Q: 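Got a structure for you, questions after.
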Number of protein chains: 2
Amino acid sequence: MVANIRDVARIAGVSVTTVSRVLNHHPYVQEEKRQAVLAAIEKSGYVKNMNAVNLSTGQTGMIGVVLPFTDHPYFAALLKGLAEEARAHRKKLVLFQTDYQADQEIEALEMLKHKQIDALIFCSRSSEWQVIKPYQSFGPIVMCEEIQEDVSYTFIDQYQVFLNALHYLDQKGYQQIGYCIGRRSGTNSQARERAYRDFLKSRQFPVNESWIFENCYHVQDGERVLEEISVATQRPDALLVTNDQTAAGILIKAQEKGFSVPEDLGVMGFDNHPIAGMLSITTIELPLEEMGRKLFRQSLKQEISKEEVYVKLVERKTV
Amino acid sequence: MVANIRDVARIAGVSVTTVSRVLNHHPYVQEEKRQAVLAAIEKSGYVKNMNAVNLSTGQTGMIGVVLPFTDHPYFAALLKGLAEEARAHRKKLVLFQTDYQADQEIEALEMLKHKQIDALIFCSRSSEWQVIKPYQSFGPIVMCEEIQEDVSYTFIDQYQVFLNALHYLDQKGYQQIGYCIGRRSGTNSQARERAYRDFLKSRQFPVNESWIFENCYHVQDGERVLEEISVATQRPDALLVTNDQTAAGILIKAQEKGFSVPEDLGVMGFDNHPIAGMLSITTIELPLEEMGRKLFRQSLKQEISKEEVYVKLVERKTV
DNA sequence: TTGTACGCGTTATCAA
DNA sequence: TTGATAACGCGTACAA
C-alpha cells in the first residue's frame, strides 16, 4: 500500500536515481521527467522514510540536550537559546531531562553511540568525565563548564565572577558572608567554593560551614534558608545566592521575619531573571540564551573549541 | 573499520540471526553460541546502529512535543510532566519550540509523516485543525485543548472554569471585570471569551473592550496592563489574569502606583505557580504536570481518547 | 543526463 | 534451536 521510491520510479517510468534526484533537488534531470516523477509521487501518495535516509547517510539531524530540569529558569533560558539556534540550523533537539540521574546521561550517550543523535550537549552533568570521555569517538560532545579536558565547551569564569562578587560585598562593608548554591559537586560549584575559601582566607574573614547552603534552586529553598538563618546563633550578614529564585525566597521570608535588606542582610543574586527586577535584587546577569546559542553551534563542529561568555553586575537594592 | 552485525556473525561463527537474537535477548539460543557472540561483539567493537533498527521496525521511540516557548512556567510545567512520563516509558522527547510560528508546527507534522517520530503532542497550536488533521494517518496526534474533532486530547473545561471564576469575583462584589490573556485565538482562549461575554450579559454588567488585555505572558506584561489601567478613564475593578506571572506584574506595579489590592483592584491569577504563593495571589491551580503525563500516555495509544483534568481555587489575598 | 546495482545494518519469515 | 534470505527504503558510485 504505502509507496516507496521504487514504486514512484515504476509509475513515472524512470529509475530510482532520477526520483531521488528530484526528491533532493539535484540538477541533471529533465524538466519532463521531473514532472513525471512529481506526478507519480502525487498519484502514489509516496512519503519519504527518513529512517532509510538516516541509515544511508549516517546522520539524523537531531542533537541531544542533557539537563536536570526544564522547569528552572536557568535551564529554561539555556534551552531557549539552544532551541533558537537549532531552528536556525534546521536541526531538532532531543531532550534528556535527567533530574541529575546519571543513568539518564548514559542513555543519552548511548543514543549518540547508536547514531540516534548526531551530537550531545551537556548543560550540566552528574557523571564523571571519565565515563563521558570514551563517547567522544561517536560524535561531538559539548559541555557547559570550564573543564581541563580535550572537549568543546562554553563557559563563564566562575572563580573570577564569584571573587568579584565577594569583593563587591566586601566593599559594601559586609564581613560575614555566606552563600547559597544548587549542589556542591560540579565543576562550576567547586570553582565557586574555591573562590569563596580563597577570598575568606585572604581577608581573614570568619569561616562558618553553616553559612554554605546547598540545594538552593527555587523560591521555597530561599525561604528555608532564611528560616535557618533566623534561628542561628551566628548569622551571616550577606549572602551570595547563585540564582534569583532562591534570592527572592530569602527576601520574601526576610520581610515576613522582620529582617531588613540590605541592612541586616545583603543579598546578591545570579541570573538577572525578571523576578530580580520585580524585587529589586542586585544580581549578576548571566548571558544564558547566548550560552545556549554558542553551545549549539559548537555541537555542529568536529573541532574542539572553548568559548567564554561574560557576566554583568546589575546594581539594585539588596546589597 | 566499524563492525556490523554481519562481521560479528562471521567472527563468532554463527548467522546474523543468532547475533540478532543475542542482541535482543530472545530465547532459543545456546549458551555456548551466546558466549561466542558476546565475545565477538567485544572483540570487534560492534555498535548497534539504531537507524537500521528504525528502518526495519518502522518506529523510533521518539515522541514530538510542540510548544511555543519552554521558558514560560506554564509550558515548562507541562513539559516536566511529559518528560517524567516519557522517561517512565523509555521514550525520548523531540522538542519543537515554535514561538507560535505555524511553519514549525508543519515541520513537526512532516517529521511524523516521515517516521522520524512515532507520535506528536501539541501543547498549543497556531495551525488550523484542517491542516493538522490529515497527518493523523501517520501516527497518533494529541492535543491539549477541548476540540470537537476526532482526535485525542487532555483538557480543562475552560468555559466552566472561567465562569466559576467570574461568579467568584461577582460574589466578592466586583462589577467591572476585565481579563488578561495570552492570545485571543486558540480554542482555550475562545472558550474563555465566550464565558466572559455570556457572564457579562447574564449579569448585565458593562462591557468594555479595552478591559480585555492581550499578549499577557510575563511579569512585564502585567506591569504594562496596570500602566494602561492607571491612565484609563474607565477602570475595571477586577481582573481575571490567565497566568500568575502577569498577575504578579500587575501587583508589583499596583503597589508602585498606589493602587490597593484587592480594594481598588481584585486580581485573580491562574496556575498557582510559586510566585502566586510569594505574593499571596488568589489563583486557580491547574494540574499541569498531570496534564503532561496524561498527554504523553495518550500519545502511546492508537485509540482516540478524551481526558479531563480539574482545577482548584486557591484563596489568598488579592480578591 | 540517466540507469544499474550495490551498500547501509537490522529484523522478520520460513524452512530445516 | 539455527540459518539463509528477503524485506525495510534510500543514496550513490559507476557505467552508459
Side-chain angles (χ1 to χ4, degrees), chain A residues 1-38 40-41 44-62 110-118 138-139, chain B residues 1-38 40-41 44-62 110-118 138-139:
Chain A
M1 172 57 219
V2 280
N4 62 24
I5 200 171
R6 252 182 310 272
D7 299 323
V8 174
R10 194 181 321 114
I11 297 175
V14 300
S15 73
V16 291
T17 311
T18 302
V19 177
S20 179
R21 292 222 177 88
V22 172
L23 252 24
N24 298 303
H25 308 289
H26 275 307
Y28 295 154
V29 48
Q30 271 186 350
E31 185 55 25
E32 201 173 295
K33 301 213 174 194
R34 240 181 74 77
Q35 293 306 330
V37 170
L38 261 22
I41 287 175
S44 62
Y46 166 78
V47 171
K48 193 183 224 175
N49 184 331
M50 287 304 291
N51 291 312
V53 178
N54 295 341
L55 172 59
S56 195
T57 62
Q59 297 236 324
T60 60
M62 307 236 197
E110 288 290 316
M111 283 183 64
L112 179 64
K113 181 170 172 177
H114 295 153
K115 295 179 182 286
Q116 308 225 78
I117 52 180
D118 297 338
F138 301 115
Chain B
M1 173 59 217
V2 281
N4 61 25
I5 199 172
R6 252 182 308 272
D7 299 324
V8 173
R10 195 181 321 115
I11 297 174
V14 300
S15 72
V16 291
T17 311
T18 302
V19 177
S20 180
R21 291 220 176 88
V22 173
L23 252 24
N24 297 301
H25 308 290
H26 275 307
Y28 296 152
V29 49
Q30 270 186 350
E31 184 56 23
E32 202 174 295
K33 302 213 173 195
R34 242 181 72 78
Q35 293 306 330
V37 169
L38 261 22
I41 287 174
S44 62
Y46 166 78
V47 172
K48 191 184 225 174
N49 184 332
M50 287 304 290
N51 290 312
V53 178
N54 295 342
L55 172 59
S56 193
T57 61
Q59 296 235 324
T60 61
M62 308 238 197
E110 288 290 315
M111 283 184 64
L112 179 64
K113 181 170 171 177
H114 295 154
K115 295 181 182 286
Q116 309 226 76
I117 52 181
D118 297 338
F138 302 114

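These numbers come from a predicted model, not from an experiment.
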Q: Considering all heavy atoms of both residues, which atom of B:Val37 and which atom of B:Val8 are nearest to each other, and what is their separation?
A: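 Taking B:Val37 first and B:Val8 second, the nearest heavy atoms are O-CG1, 4.1 Å.
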
Q: Under 4.0 angstrom, heavy atoms only, what part of the nucleic acid is B:Val47 near: base, sugar-phosphate, or nothing?
A: sugar-phosphate

Q: Starting from P on C:dT11, measure out to NE2 on B:His26 and report it in whole angstrom.
A: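 Result: 8 Å.
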
Q: Assign A:Asn24 to base, sugar-phosphate, or nothing according to its heavy-atom contacts below 4.0 angstrom with the strands shown.
A: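 Answer is sugar-phosphate: A:Asn24 comes under 4.0 Å of backbone atoms only.
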
Q: Apply side-chain contact (heavy atoms from CB on, under 4.5 Å) to residues A:Gln116 and B:Met62 and explain how you reach the verdict.
A: CA-CA 10 Å; A:Gln116 308 225 78; B:Met62 308 238 197; 4.3 Å; yes

Q: Short question: side chain of A:Asp118, backbone of A:Thr60 - any donor-acceptor pair under 3.5 Å?
A: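 Between the backbone of A:Thr60 and the side chain of A:Asp118 there is a qualifying donor-acceptor contact (under 3.5 Å).
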
Q: Compare the minimum distances between each of C:dG3, D:dG3, D:dT1 and the side chain of B:Gln30, then state the nucleotide with the smallest one.
A: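 Between C:dG3, D:dG3, D:dT1, the one nearest the side chain of B:Gln30 would be D:dT1.
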
Q: Among the candidates C:dT1, D:dT2, C:dT10, find the nucleotide nearest to the side-chain atoms of B:Ile5.
A: C:dT10

Q: I'd like to know if B:Arg6 reaches the base of C:dG7 with its side chain, counting only an N/O donor and acceptor under 3.5 Å.
A: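 Side chain to base: no pair present.
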
Q: Of the options C:dG9, C:dA5, D:dC10, whose atoms approach the side-chain atoms of A:Tyr46 most closely?
A: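 For the A:Tyr46 side chain, the nearest candidate turns out to be D:dC10.
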
Q: Between A:Tyr28 (OH) and D:dC14 (P), how many Å, whole number?
A: 17 Å

Q: Is the NZ atom of A:Lys115 crowded by more than 12 outside heavy atoms at less than 6.0 Å?
A: no

Q: Please determine, for the side chain of A:Lys48, which listed nucleotide (C:dT2, C:dA12, D:dG11) has the closest atom?
A: D:dG11

Q: In whole Å, what is the span from the CG atom of B:Asn4 to the P atom of C:dG9?
A: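 Going from CG in B:Asn4 over to P in C:dG9 covers 5 Å.
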
Q: Using a heavy-atom cut-off of under 4.0 Å over every strand shown, decide if B:Val14 touches base, sugar-phosphate, or nothing.
A: sugar-phosphate

Q: Is any side-chain N or O of B:Ser56 under 3.5 Å from a base N or O of C:dA12, one able to act as donor and the other as acceptor?
A: no

Q: Base, sugar-phosphate or nothing for B:Thr18? Non-hydrogen atoms, less than 4.0 Å.
A: sugar-phosphate

Q: So if I take every side-chain heavy atom of B:Val53 and compare against D:dA13, D:dA4, C:dT10, which nucleotide ends up nearest?
A: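 From the listed options, C:dT10 comes nearest.
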
Q: If you assign each of B:Arg21 and B:Leu55 to its closest nucleotide in DNA chain C, which residue comes earlier from the 5' end?
A: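 So the residue in question is B:Leu55.
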
Q: Please state whether the base of D:dT12 and the side chain of A:Ser20 form at least one donor-acceptor pair under 3.5 Å?
A: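 Not at all, since no donor on one side and acceptor on the other fall under 3.5 Å apart.
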
Q: Return the value, rounded to whole Å, for the distance between atom NE2 of B:His114 and atom P of D:dC10.
A: 10 Å

Q: B:Gln59 CD to D:dC8 P: how many Å, rounded?
A: 16 Å

Q: Nearest to the side chain of A:Val16 - C:dT4, C:dT11, C:dC14?
A: C:dT4

Q: Of the nucleotides C:dT2, C:dT4, D:dG9, which has the atom closest to the A:Ala52 side chain?
A: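 Of C:dT2, C:dT4, D:dG9, D:dG9 is nearest to the side chain of A:Ala52.
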
Q: Rounded to whole angstroms, how far apart are CD on B:Glu31 and P on D:dT2?
A: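 B:Glu31 atom CD is separated from D:dT2 atom P by 11 Å.
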
Q: Applying a 4.0 Å non-hydrogen cut-off, can you work out what B:Asn54 is touching in the nucleic acid: base, sugar-phosphate, or nothing?
A: nothing

Q: Choosing from D:dT1, D:dG9, C:dG3, which nucleotide comes nearest the side chain of A:Ser15?
A: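 The nucleotide sitting nearest to the side chain is C:dG3.
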
Q: Starting at atom CG of B:Asn49, determine the distance to atom P of C:dT11, rounded to an integer number of angstrom.
A: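 Those two atoms, CG and P, are 10 Å apart.
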
Q: Of the candidate nucleotides C:dT10, D:dA13, C:dT2, which contains the atom at the shortest distance from the side chain of A:Lys33?
A: C:dT2

Q: Should the heavy atoms of other residues, nucleotides or ligands under 6.0 Å from CD of B:Glu31 be counted, would the total exceed 12?
A: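 Yes - once you tally the heavy atoms of other residues, nucleotides and ligands closer than 6.0 Å, there are more than 12.
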
Q: Let me know the distance between NZ of A:Lys115 and C1' of C:dC8, rounded to the nearest Å.
A: 10 Å

Q: A:Thr17 and A:Ser20: side-chain donor and acceptor closer than 3.5 Å?
A: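 Checked: A:Thr17/A:Ser20 side chains show no N/O donor-acceptor pair below 3.5 Å.
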
